[in-house]
Amino acid sequence: MTTAQTQELDVQPTPLALLLLGREADPRSERGVECPGDLPSPSDPDLVERARAAKEKLGDKVFVLGHHYQRDEVIQFADVTGDSFKLARDAAARPQAEYIVFCGVHFMAESADILTGDDQKVVLPDLAAGCSMADMATAEQVAECWDVLTEAGIAEQVVPVSYMNSSADIKAFTGKHGGTICTSSNARRALDWAFEQGEPSATKVLFLPDQHLGRNTAVRDMGMSLEDCVVYNPHKPNGGLTADELRAAKMILWRGHCSVHGRFSLDSVNDVRERIPGVNVLVHPECRHEVVAAADYVGSTEYIIKTLEAAPSGSKWAIGTELNLVRRLANRFASEGKEIVFLDKTVCFCSTMNRIDLPHLVWALESLAEGALVNRIEVDKETEAFAKLALERMLALP
């Protein structure tokens, strides 16, 4: 519909419509894009040297964490690299570091703040580096879901298990309701633990916020059926489910997903097998169930790296995970004669993870070096206490 037609009908575009058309901005979603200081130009030829100088000036006062999905230009300055939970634990193991600069996304920085000491300060170079999956489950929506489970008469039988890729609020909800956190590498252990908390035949799990990891773990790893799983949609009344459907389910999956891993399809798998005879398909468990079922290997980011490290020379691999990591692995193992390609033909970076670029990192490091604390991530004490309880339950898993 044209603007003229809109005016003829006396219809005014809504703020959401204008936002989608790119003609307005949402200041809440744009927080952190404009730094309260001078951000170096992306074309600044001195950026690398400036980052090195600021980091050297800070010395042991700063500890830089780099998630596997970060750009190479950022990863080069990381003291350690890893997945979200490994990095949070590494930060906790460095009590002498006054500043923890987390090159990742918001929920990761929150977890680092929860696990580090009160005197340590966690910094996220760009506050707009969020996570679409984590944002798919808000505290209000999950509280409403619990009310629905209570009305169905099953809340006492439900153990929440929340993926590490969730906000501090969701982790706190999980801790308050007797649940635990999981990563993609220990989801099976977390679910085993959850079903042991009550009568196995009656106990149910509310899995937040990634439906695919929950479904793949339950069906592929634990032998449940797809019929044992229902999907709770927070945008529908009662989650789009009847009380009978909730009572019959073993796994109540939150309707959330990773925008990167959710792009991979069965067609992607079939296409790469046709293009590259003898290829091994290795995917992350955040992928859709049909993709995981068709793959040769399935595992966490750390599993993907270790599998490629152990792979024989001459082997061919199609990897279903974030492109920055796949490209880095392809370059790393090329000299060993391992052919590594991205599973899909479509380039797929994690857009929010890529907000942490070299200009933002330089700005954060230089600010800290000058004594200015910027972009601190700080979880309130009550939320921290319950979230930490859920994380500690995960750490205690056998």
* List in chain and number order the residues that pass side-chain hydrogen bond (donor to acceptor under 3.5 Å, both in side chains) with His289, two or more places apart in sequence or in another chain; answer none if no residue qualifies. => Asn216

* Asked: Does any pair with a residue in residues 387-398 pass side-chain hydrogen bond (donor to acceptor under 3.5 Å, both in side chains), and if so which ones, sequence neighbours excluded?
  -> none

* **CG on Asp46 to CD on Glu49, rounded to 0.5 Å** => 8.0 Å

* Asked: Would you say the side-chain atoms of Lys338 pair up with the backbone N or O of Leu308, donor to acceptor, closer than 3.5 Å?
  -> yes

* Asked: Checking salt bridge (Lys or Arg N to Asp or Glu O under 4.0 Å) for the pair Arg263/Asp344: CA distance, chi angles, key distance, verdict?
  -> CA-CA 8 Å; Arg263 290 175 63 98; Asp344 196 15; 5.1 Å; no

* **Verdict with supporting geometry, Tyr163 and Phe85, ring pair (Phe, Tyr, Trp, His ring centres under 6.0 Å)** => CA-CA 11 Å; Tyr163 192 20; Phe85 185 62; over 10 Å; no

* Taking every non-hydrogen atom, the tightest pair across Ala97 and Phe63 -> CB-CB, 3.8 Å

* Asked: Got a sec, which pairs hit side-chain hydrogen bond (donor to acceptor under 3.5 Å, both in side chains) with one end in residues 302-314, sequence neighbours left out?
  -> His68-Glu302, Glu309-Arg332

* Between Lys55 (side chain) and Ala78 (backbone), is there a donor-acceptor pair under 3.5 Å? -> no

* To do: For the pair Trp317 and Phe333, evaluate ring pair (Phe, Tyr, Trp, His ring centres under 6.0 Å) and give the outcome as yes or no after the intermediate values.
  => CA-CA 11 Å; Trp317 297 85; Phe333 294 115; 9.8 Å; no

* Mind checking side-chain hydrogen bond (donor to acceptor under 3.5 Å, both in side chains) for Lys381 and listing every partner two or more places apart, or none if nothing turns up? => Asp118

* Hey, is the main chain of Gly179 close enough, under 3.5 Å, to the side chain of His177 for a donor-acceptor pair? -> no

* Side-chain contact, heavy-atom cut-off 4.5 Å: Leu368 with Val101? -> yes

* **Stepwise salt bridge (Lys or Arg N to Asp or Glu O under 4.0 Å) check, Asp192 with Arg189** => CA-CA 5 Å; Asp192 283 338; Arg189 278 178 288 162; over 6 Å; no

* To do: Mark yes or no for whether Asp79, through its side chain, and Val64, through its backbone, hold a donor-acceptor pair below 3.5 Å.
  => yes

* Asked: More than 12 non-hydrogen atoms from neighbouring residues, nucleotides or ligands closer than 6.0 Å to CZ on Arg273, yes or no?
  -> yes

* Nearest 0.5 Å, what's the OH-CD1 distance between Tyr297 and Ile304? -> 13.0 Å

* Asked: Do Met108 and Met353 touch side chain to side chain, with heavy atoms closer than 4.5 Å?
  -> yes

* side-chain hydrogen bond (donor to acceptor under 3.5 Å, both in side chains) involving Arg288 - partner list, sequence neighbours excluded -> none

* **Residues which pass salt bridge (charged side-chain N to carboxylate O under 4.0 Å, His left out) with Lys61, listed by chain and number, not counting sequence neighbours** => Glu98

* **Distance-only donor-acceptor check, side chains Asp228 and Ser225, under 3.5 Å** => yes

* Just wondering, do Arg215 and Met224 contact through their side chains at under 4.5 Å, heavy atoms? -> no

* **Check: Val379 main-chain N/O paired with Asp113 side-chain donor or acceptor under 3.5 Å** => yes

* To do: For the pair Asp90 and Lys86, find out whether any cationic side-chain nitrogen is under 4.0 Å from an anionic carboxylate oxygen.
  => yes

* Ser167 versus Glu110: any side-chain heavy-atom pair under 4.5 Å? -> yes

* To do: Decide yes or no on side chain to side chain donor-acceptor pair (under 3.5 Å) for Asp147 and Thr150, but give the supporting numbers first.
  => CA-CA 5 Å; Asp147 289 341; Thr150 300; 5.1 Å; no

* Would you mind reporting whether His284 and Cys258 have side-chain heavy atoms less than 4.5 Å apart? => no

